[in-house]
Amino acid sequence: MAKPLVAIVMGSETDLPTMDEAANVLRENRVAYELRILSAHRSPDDTASFAKTARKKGFKVIIAGAGGAAHLAGVIASHTTLPVIGVPMETKELKGIDSLFSTVQMPSGVPVATLAIGRTGAKNAGILALEILSLGDKRLEKKLDALKKKLVESVRNKNKK
Ligand code: RP5
């Protein structure tokens with residue numbers, strides 16, 4: 001089994017159906033990843049220790065999804081220099097606006113690359129992770145080129161009906 005390059009972390013197992021979108025992209029492109037439940041509020045010490053050791057363990061990118069007062073991606077980014085991609089979960093009460101604002105509004109010096117709310121953001125997080133990894137990986141560069149072509153075709157095909 002290849003060493004995981006991407007860590008997909010989430011605040012709760014209730015985030016898993018959304019974060020699976022990121023995992024699917026990585027699996028389809030044969031990139032090894034690790035899934036983990038870590039909470040900035042419920043298990044703060046475990047979250048910090050994961051973030052502090054992630055680079056040494058060989059991870060290249062961290063995708064962090066959380067909802068509500070969504071501090072997971074930001075807390076992780078505060079403890080690592082790896083790129084952190086944030087995915088705001090959709091929430092029942094505020095439709096994910098709460099998650100979006102608390103993930104995206106990071107202070108100067110601590111970036112989190114925050115994507116769209118919910119499944120779209122999770123899928124794009126998987127693709128963005130591939131793009132980061134492709135900087136040093138020709139196989140992934142080709143896969144991403146193919147993905148772009150597929151997108152173009154899918155729009156063109158709509159006009160052929
Ligand atoms: C956050 O609180 C999690 O990321 C989740 O989106 C939200 C609700 O968690 P549960 O109460 O469903 O475990 O920490």
Side-chain angles (χ1 to χ4, degrees), residues 1-135 140 143-144 147 151:
M1 200 52 188
K3 240 179 148 187
L5 298 177
V6 180
I8 302 176
V9 302
M10 64 207 85
S12 168
E13 61 185 348
T14 58
D15 300 330
L16 190 56
T18 302
M19 296 308 286
D20 255 345
E21 296 281 346
N24 291 342
V25 170
L26 298 175
R27 206 168 34 249
E28 281 161 14
N29 288 280
R30 291 193 289 114
V31 169
Y33 63 89
E34 187 177 300
L35 279 173
R36 225 179 242 243
I37 315 287
L38 285 171
S39 169
H41 305 121
R42 292 169 177 156
S43 62
D45 291 343
D46 293 354
T47 299
S49 108
F50 161 80
K52 284 178 189 168
T53 55
R55 188 183 278 273
K56 243 195 190 139
K57 285 185 185 144
F59 290 113
K60 305 290 183 206
V61 185
I62 299 171
I63 299 172
H71 299 135
L72 183 61
V75 165
I76 289 175
S78 73
H79 289 294
T80 183
T81 53
L82 288 174
V84 178
I85 304 172
V87 183
M89 293 301 110
E90 195 170 337
T91 55
K92 196 159 44 78
E93 297 79 6
L94 298 173
K95 306 286 171 225
I97 293 290
D98 42 353
S99 323
L100 173 64
F101 287 170
S102 46
T103 303
V104 78
Q105 286 296 82
M106 289 297 292
S108 167
V110 191
V112 168
T114 305
L115 302 186
I117 296 167
R119 286 174 186 265
T120 297
K123 181 176 177 179
N124 281 347
I127 297 171
L128 183 55
L130 291 184
E131 290 179 345
I132 294 168
L133 295 172
S134 79
L135 294 173
L140 287 180
K143 289 266 188 194
L144 286 162
L147 193 67
L151 279 179

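Every number for a ligand or one of its atoms is a count from 1 in the order of the listing.
Side-chain contact between I63 and Y33 is absent, with no heavy atoms from C-beta onward closer than 4.5 Å.
Scanning all heavy atoms of the two residues, the minimum distance from K123 to V25 falls at O-CG2, 3.8 Å. Here the closest non-hydrogen pair linking A66 and L72 is CB-CB, 3.8 Å. The nearest pair of heavy atoms linking L144 to I127 is CD2-CG2, 4.1 Å.
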Verdict with reasoning, E34 to V9, per side chain to side chain contact (heavy atoms under 4.5 Å, CB included): CA-CA 8 Å; E34 187 177 300; V9 302; over 6 Å; no
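Counting only N and O atoms by type, the side chains of T80 and R55 include no donor and acceptor under 3.5 Å apart.
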Which N/O atoms of ligand 1 sit under 3.5 Å from a protein N/O, and at what distances?
residue	atom	partner	partner atom	Å
ligand 1	4 (O)	D15	OD2	2.6
ligand 1	4 (O)	G67	N	3.1
ligand 1	6 (O)	D15	OD1	2.6
ligand 1	6 (O)	D15	OD2	3.4
ligand 1	6 (O)	G67	N	3.2
ligand 1	11 (O)	R42	NH2	3.1
ligand 1	12 (O)	T14	OG1	2.8
ligand 1	13 (O)	S12	OG	2.6
ligand 1	13 (O)	R42	NH1	2.9

